[in-house]
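Single-structure report; data block below.
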Amino acid sequence: MSNLKACIFDLDGVIVDTAVYHYKAWRRLANQLGFDFTEEQNEELKGISRIESLKIILNWGAVSKTEEEMQELASLKNTWYVEMITKMTPKEILPGAKEFLELVKANHYLTALGSASKNSETILNQIGLTHLFDALVDGNKVTKSKPDPEVFLVGAAELNVEPSACVVFEDAIAGVQAAKAGYMKTVGIGNATVLKEADLVVPGLYEMTIEKLENL
Ligand code: BG6
Ligand code: MG
């Protein structure tokens, strides 16, 4: 019998595919600064906070900016990003995500969101899934970026559950590492070669079952 009591879900790449919007907005910014970067490089930005992502991108372009200029650039990127996510609809929920959230709730597991994004509320409202979470923890509540476990530890605390009774669903390497650093079980969403540190990897939440959860 498993001792798991709670499921903590990352948002971008697990519940919805917002990586494409992040990529478009960051690329627009990079292009404006006179350089470009690939979709492959964009992989490295998954799970990383807005300001940390910007620092990585500026490094790719060998562009140096002051702290104040970086705040302005991050905010400009966010304006473009928000323009896109405020047009999102429930059709953009990834396959099986809503069904699996409903299934775990029906089986009396607690649920939390554990996202680095400061836009998680907007996204959850757009796709109509806010009601399926018992706790919402995102970039507005934490100061340390994944792979630091802070976002998941705050989630466990808000649910009043021990970290060892939590399982984290993550599509980013930094997110899997964060969950492990917090002594939580991890299910990687995506490619098993990339997410090899996870306890189990499935291509999407449509492949998850209560049995797989209990066997972790
Ligand atoms: C994560 C994304 O969920 O949120 C990252 O994977 C993103 O790519 C981070 O940088 C912060 O998002 P936001 O919405 O606060 O800019
Ligand atoms: Mg993610």
Side-chain angles (χ1 to χ4, degrees), residues 7-30 37-60 70-88 92-94 97 100-101 112-127 129 133 136-152 154-155 167-180 184 186-191 194-195 197-198 201-205:
C7 296
I8 305 181
F9 296 88
D10 171 48
L11 178 65
D12 298 318
V14 172
I15 310 280
V16 275
D17 185 14
T18 41
V20 29
Y21 301 129
H22 279 298
Y23 182 45
K24 273 192 189 158
W26 281 131
R27 219 177 148 201
R28 185 170 167 186
L29 190 77
F37 66 94
T38 64
E39 214 166 336
E40 204 181 329
Q41 282 174 295
N42 189 58
E43 282 298 302
E44 290 177 43
L45 306 176
K46 287 189 177 172
I48 308 294
S49 74
R50 192 181 309 164
I51 200 74
E52 291 302 321
S53 301
L54 175 64
K55 287 178 186 167
I56 296 170
I57 293 165
L58 291 178
N59 191 34
W60 288 335
M70 284 199 281
Q71 291 301 336
E72 277 167 25
L73 291 172
S75 144
L76 180 60
K77 177 266 176 177
N78 194 54
T79 308
W80 295 331
Y81 179 67
V82 170
E83 271 170 23
M84 292 185 272
I85 59 168
T86 45
K87 293 192 188 104
M88 286 181 83
E92 289 177 69
I93 298 172
L94 285 170
F100 185 65
L101 273 159
L113 186 82
S115 168
S117 175
K118 292 186 174 169
N119 293 299
S120 74
E121 212 180 303
T122 306
I123 296 168
L124 285 182
N125 283 338
Q126 288 294 130
I127 60 173
L129 291 188
F133 293 92
L136 296 174
V137 184
D138 70 5
N140 297 299
K141 282 194 187 170
V142 298
T143 53
K144 296 181 202 122
S145 196
K146 297 170 189 175
D148 188 282
E150 185 185 16
V151 67
F152 299 135
V154 173
V167 55
V168 169
F169 294 86
E170 256 295 348
D171 69 311
I173 301 168
V176 169
Q177 289 168 343
K180 292 205 81 114
M184 296 176 178
T186 55
V187 176
I189 304 294
N191 185 315
V194 177
L195 302 171
E197 290 174 58
V201 179
V202 289
L205 286 174

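In each ligand, atom 1 is the first atom listed, and ligand 1 is the first ligand listed. Quick note: numbers below take in every heavy atom, side chains included, and nothing from hydrogens, waters or symmetry partners.
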Open item on the list: Is there a polar contact between ligand 1 and N119, counting only N or O atoms under 3.5 Å apart?
Closed with: yes

- [ ] Would you mind listing which atoms of ligand 1 come within a distance below 4.0 Å of any non-hydrogen atom of G47?
- [x] 2 (C), 5 (C), 6 (O)

- [ ] Take every heavy atom of G139, measure it against each atom of ligand 1, and state whether any distance is under 4.0 Å.
- [x] no

Task: Spacing of Q126 atom CD and M88 atom CE [to the nearest 0.5 Å] - done: 8.0 Å

Task: Residue and atom names of protein N/O/S atoms that fall under 2.8 Å from the Mg ion (ligand 2) - done: D10 OD2, D12 O, D171 OD1

TODO: Say whether D10, considering both its backbone and side-chain N or O atoms, lies within less than 3.5 Å of an N or O atom on ligand 1.
DONE: no

Open item on the list: Within the 4.0 Å heavy-atom shell around S53, which atoms of ligand 1 are there?
Closed with: 10 (O)

- [ ] Measure L11 to ligand 1 on non-hydrogen atoms and call it side chain, backbone, both or neither using the 4.0 Å cut-off.
- [x] neither

TODO: Under 4.0 Å from a heavy atom of L45: give me the atoms of ligand 1 that qualify, with their elements.
DONE: 5 (C), 8 (O)

- [ ] With the side chain counted from C-beta on, respond yes when I123 and I15 share a heavy-atom pair under 4.5 Å apart, and no when they do not.
- [x] no

Task: For K46, atoms of ligand 1 separated by under 4.0 Å from a heavy atom - done: 6 (O)

Open item on the list: Heavy-atom distances under 4.0 Å decide this one: backbone, side chain, both or neither, for H22 against ligand 1?
Closed with: side chain

- [ ] State, yes or no, whether a side-chain contact exists between K146 and F152 at a heavy-atom distance under 4.5 Å.
- [x] yes

- [ ] Would you please test K77 and H22 for side-chain contact (heavy atoms from CB on, under 4.5 Å) and show each step?
- [x] CA-CA 9 Å; K77 177 266 176 177; H22 279 298; 2.9 Å; yes

Task: Numbering as shown, the atoms of ligand 1 that approach Y81 to under 4.0 Å (heavy-atom distance) - done: 14 (O)

- [ ] Using a cut-off of 6.0 Å, state whether more than 12 heavy atoms not belonging to E121 lie near its atom CD.
- [x] no

TODO: Just jot down the ligand 1 atoms closer than 4.0 angstrom to any heavy atom of K118, in number order.
DONE: 13 (P), 14 (O), 15 (O)

- [ ] Distance to 0.1 Å, residue and atom name: give those for the protein heavy atom nearest to atom 12 (O) of ligand 1.
- [x] S117 CA, 3.4 Å

Task: N/O separation below 3.5 Å, W26 to ligand 1 - done: no

- [ ] Please list, chain by chain and in numerical order, all residues satisfying side-chain contact (heavy atoms from CB on, under 4.5 Å) with I51, sequence neighbours excluded.
- [x] S49, L54, K55, M70, Q71, A74

Task: Non-hydrogen side-chain atoms of F37 and E44 separated by less than 4.5 Å - done: no

Task: For atom 5 (C) of ligand 1, the protein heavy atom that lies nearest, with its residue and separation - done: I48 O, 3.4 Å

Task: Residues forming a side-chain contact (heavy atoms from CB on, under 4.5 Å) with N78, sequence neighbours excluded - done: R50, Y81, V82, N119

Open item on the list: I'd like to know if the side chain of Q177 reaches the main chain of P147, judged simply by a donor and an acceptor atom lying under 3.5 Å from each other, with no hydrogens or angles considered.
Closed with: no

Open item on the list: Side chain, backbone, both or neither: which applies to A116 and ligand 1 if a contact is any heavy-atom pair less than 4.0 Å apart?
Closed with: both

TODO: Could you tell me whether the side chain of E92 and the main chain of I127 form a donor-acceptor pair under 3.5 Å?
DONE: no

TODO: Evaluate the side-chain proximity of V201 to V187: yes if any heavy-atom separation is below 4.5 Å, no if none is.
DONE: no

TODO: Please report the C-alpha distance between D10 and V151 in whole Å, then the side-chain angles of each, then the deciding distance to 0.1 Å, and finally whether the side-chain contact (heavy atoms from CB on, under 4.5 Å) criterion is met.
DONE: CA-CA 10 Å; D10 171 48; V151 67; over 6 Å; no

TODO: Identify, with sequence neighbours excluded, every residue that meets side chain to side chain donor-acceptor pair (under 3.5 Å) alongside E43.
DONE: K46

